[in-house]
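Please read the structure below before turning to the comments.
Because the structure is a prediction, the values reported are computed rather than measured. The residues of the chain are indexed from 1 along the displayed sequence.
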Amino acid sequence: MTKHFLTILDLTRDEAFAMVRRADEMKRAGQRLDLLRGKTMVLVFEKASTRTRLSFEVAVRHLGGSTIFMTDRESQLGRSEPLKDTARVISRYADGLIVRTFGQEKLEELVRYASVPVVNALSDQFHPCQVMSDCLTMYERTPDLASLKVAWVGDGNNMAHSFINAAALFGFELRLACPRGFEPDEAVVKRAKGLGARLTLCDDPALAVKDADYVNTDVWASMGQEHEFDDRLRKFGAFQVSEELLALAKPTCKVMHCLPAHRGEELTEAVLEGPASIVWDQAENRLHMQKAILEWIYS
């Protein structure tokens, strides 16, 4: 049966923990395998990328495979050919699709018509590979993930949705502070709570951050939302992760950001470059987690 990875909830709890442990093992051992020898992965990116593209391309090479990178300008994705036709054709040429796109529905259509694995490298609704990497970054410091208090400050976006899903599987307490009108999708929250996720939603960053072990944030306007920037700047002003806000968390609290960061907006320069910041470890861990995800799919 073909495995796909569109959201973190495509994993069982046991698979999620095993994936984090395996990524940690691969990182410690500097492990390279022949798992993908002779296989070609097609990276189809409708959104620009630095970390996602590089980490996946290097991960595939570390596993012995090769990659082809395509954008919508270089393929029929940006033209009139139905997505289902593209999925079926690529399936005849390659061994997997790694897709960075806008709508989650595009990924779901690819899964319906592709005969090879499909990996969600980012959509407007979910960013599962990034958040699994973030869970690895927390696991390296505090292996008992269920004991953690994790705060999310900012937009209830794809990152927030994937953290909500992660809370359902890993058991950490997640408190999300989002401006009114920018809360996470109710269906995502409802499903996670049904799986036992410990979630608190509010519009008060101080409440979310109080006694937190980890504080997460993201840009206030993601790709495709640039036209909303001025409005968001006004509404998100009180949600900046500053040294004053961070002082409400535990003294050992670490700050996370998926990058790229807009210094002086969602967090201050002092926080990003300060001793609490672990964003560069997060960025590195994309590589190790991508390898673990691909191993889960192809083993």
| query | Would Trp152 and Arg175 count as a side chain to side chain contact (heavy atoms under 4.5 Å, CB included) if you check the C-alpha gap in whole Å, the side-chain angles of each, and the deciding distance to 0.1 Å? | reply | CA-CA 6 Å; Trp152 176 265; Arg175 292 175 289 186; over 6 Å; no

| request: Walk me through it: do Ile164 and Leu176 pass the test side chain to side chain contact (heavy atoms under 4.5 Å, CB included)? | output: CA-CA 9 Å; Ile164 289 168; Leu176 302 102; 4.1 Å; yes

| side chain to side chain contact (heavy atoms under 4.5 Å, CB included) evaluation trace for Val189 with Leu199 | CA-CA 8 Å; Val189 172; Leu199 305 176; 4.0 Å; yes

| request: Decide side chain to side chain contact (heavy atoms under 4.5 Å, CB included) for Leu122 and Thr101; before the verdict, give the C-alpha distance in whole Å, the side-chain angles of both, and the deciding distance to 0.1 Å. | output: CA-CA 6 Å; Leu122 175 143; Thr101 187; over 6 Å; no

| request: Decide salt bridge (charged side-chain N to carboxylate O under 4.0 Å, His left out) for Asp124 and Lys47; before the verdict, give the C-alpha distance in whole Å, the side-chain angles of both, and the deciding distance to 0.1 Å. | output: CA-CA 10 Å; Asp124 284 349; Lys47 289 188 174 187; 2.6 Å; yes

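Cluster annotation: Met41 is not connected to Leu287 through the hydrophobic network of ILVMFWY side chains, with a link wherever side-chain heavy atoms come within less than 4.5 Å. Val153 is not connected to Val219 by any chain of hydrophobic side-chain contacts under 4.5 Å among Ile, Leu, Val, Met, Phe, Trp and Tyr, and they are in different clusters. Hydrophobic clustering places Phe5 together with Met26 (ILVMFWY residues linked when any side-chain heavy atoms are closer than 4.5 Å, directly or through intermediates). Leu248 and Leu246 fall within a single hydrophobic cluster, where Ile, Leu, Val, Met, Phe, Trp and Tyr side chains are chained together by heavy-atom contacts under 4.5 Å. Note: the hydrophobic cluster containing Leu259 does not contain Phe45 (ILVMFWY, side chain heavy atoms under 4.5 Å, direct or indirect links).
A salt bridge is defined here as a Lys NZ or Arg NE, NH1 or NH2 lying under 4.0 Å from an Asp or Glu carboxylate O, and Arg286 with Asp134 fails to meet this definition. The pair Glu295-Lys291 fails the salt-bridge criterion, with no side-chain N (NZ, NE, NH1 or NH2) lying under 4.0 Å from an Asp/Glu carboxylate O. With respect to Lys235 and Asp231, a salt bridge is recorded, a charged nitrogen being found less than 4.0 Å from a carboxylate O. Between Arg180 and Asp203 there is a salt bridge, with a side-chain nitrogen of the basic residue lying less than 4.0 Å from a carboxylate oxygen of the acidic one. In summary, Arg28 and Glu25 do not engage in a salt bridge, as defined by a charged side-chain N under 4.0 Å from a carboxylate O. Taking the charged nitrogens against the carboxylate oxygens, Glu109 and Lys84 have no contact shorter than 4.0 Å, which rules out a salt bridge. Ion pair Asp281/Lys254 not flagged as a salt bridge, since none of the NZ, NE, NH1 or NH2 atoms sits closer than 4.0 Å to an Asp/Glu carboxylate oxygen. Between Arg232 and Asp155 a salt bridge is recorded (basic side-chain N to carboxylate O distance below 4.0 Å). Between Asp213 and Lys250, at least one side-chain nitrogen of the basic residue sits less than 4.0 Å from a carboxylate oxygen of the acidic one, meeting the salt-bridge criterion.
Residues Val271 and Ser277 are not in side-chain contact: their nearest non-hydrogen atoms beyond the backbone lie 4.5 Å or more apart. Here the side chains of Val60 and Leu294 are in contact, with some heavy-atom distance below 4.5 Å. In this structure, Tyr298 and Lys39 have side chains that are in contact, with non-hydrogen atoms separated by less than 4.5 Å. Taking 4.5 Å as the limit, every side-chain heavy atom of Val119 sits out of range of all side-chain heavy atoms of Leu97. Taking 4.5 Å as the limit, every side-chain heavy atom of Thr40 sits out of range of all side-chain heavy atoms of Tyr93. The shortest distance between side-chain heavy atoms of Asn120 and Val118 does not fall below 4.5 Å. Within the 4.5 Å cutoff, no side-chain heavy atoms of Phe163 are placed close to those of His127. Using a 4.5 Å cut-off on side-chain heavy atoms (C-beta onward), Glu140 and Asp24 make contact.
For the residue pair Ser55 and Gln290, the shortest heavy atom distance occurs at OG-NE2, 3.0 Å. Smallest separation of non-hydrogen atoms from Ala121 and Arg100: O-NH1, 3.7 Å. Contact detail for Met132 and Ile8: the closest heavy-atom pair is CG-CG1, 3.9 Å. Of all the heavy atoms in Ala249 and Ala212, the pair that sits closest is CB-O, 3.6 Å. Shortest non-hydrogen contact noted between Trp220 and Phe239 is CZ2-C, 4.3 Å. Of all heavy-atom pairs between Gly38 and Asp95, the closest is O-OD2, 4.1 Å.
Listed for the Asp10 side chain is a donor-acceptor partner under 3.5 Å among the backbone atoms of Leu6. Looking at Gln282, its side chain does come within 3.5 Å of a backbone N or O of His257 through a donor-acceptor pair. Although no hydrogens or angles enter the test, the distance criterion places a donor-acceptor pair under 3.5 Å between the side chain of Arg198 and the main chain of Ala146. Side-chain atoms of Lys3 do not come within 3.5 Å of backbone N or O of Pro117 as any donor-acceptor pair. With hydrogens and angles disregarded, no donor-acceptor distance shorter than 3.5 Å links the side chain of Asp34 to the backbone of Arg37.
By the 6.0 Å contact criterion, NZ on Lys210 is open, its count of non-hydrogen atoms from other residues, nucleotides or ligands being 12 or less. Counting heavy atoms of neighbouring residues, nucleotides and ligands inside a 6.0 Å radius, atom CD of Glu186 does not exceed 12 of them.
Residues Gln31 and Arg22 have side chains that bring a donor and an acceptor to within less than 3.5 angstrom of each other. Thr217 and Glu266 share no donor-acceptor pair across their side chains, judged by distance under 3.5 Å alone. Side-chain contact check for Ser242 and Glu244: at least one donor-acceptor pair (N or O, by modelled atom type) lies under 3.5 Å. In this structure, a donor-acceptor pair under 3.5 Å is present between the side chains of Tyr214 and Thr142. Side-chain contact of Arg61 with Thr67: a donor-acceptor pair under 3.5 Å is present, judged by distance alone.
Rounded to the nearest 0.5 angstrom, Asp218 CG and Met159 CE are separated by 6.0 Å. Rounding to the nearest 0.5 Å places CE of Met289 at 10.5 Å from CD of Gln130. Rounding to the nearest 0.5 angstrom, the gap separating the CD1 atom in Ile68 from the CE atom in Met70 is 8.0 Å. Put simply, OG1 on Thr200 and CG on Leu207 are 7.0 Å apart, with the number rounded to the nearest 0.5 Å. Distance check: Leu54 CG to Ser49 OG gives 7.0 Å after rounding to the nearest 0.5 Å. One distance of note links CG of Leu267 with NE2 of His262; it measures 10.5 Å at 0.5 Å rounding.
Annotation: cation-pi geometry satisfied between Arg53 and Phe69 (NZ/CZ under 6.0 angstrom from ring centroid, within 45° of ring axis).
Among Thr137, Val255, Asn285, the one residue that satisfies the side-chain contact (heavy atoms from CB on, under 4.5 Å) test with Ile278 is Thr137.
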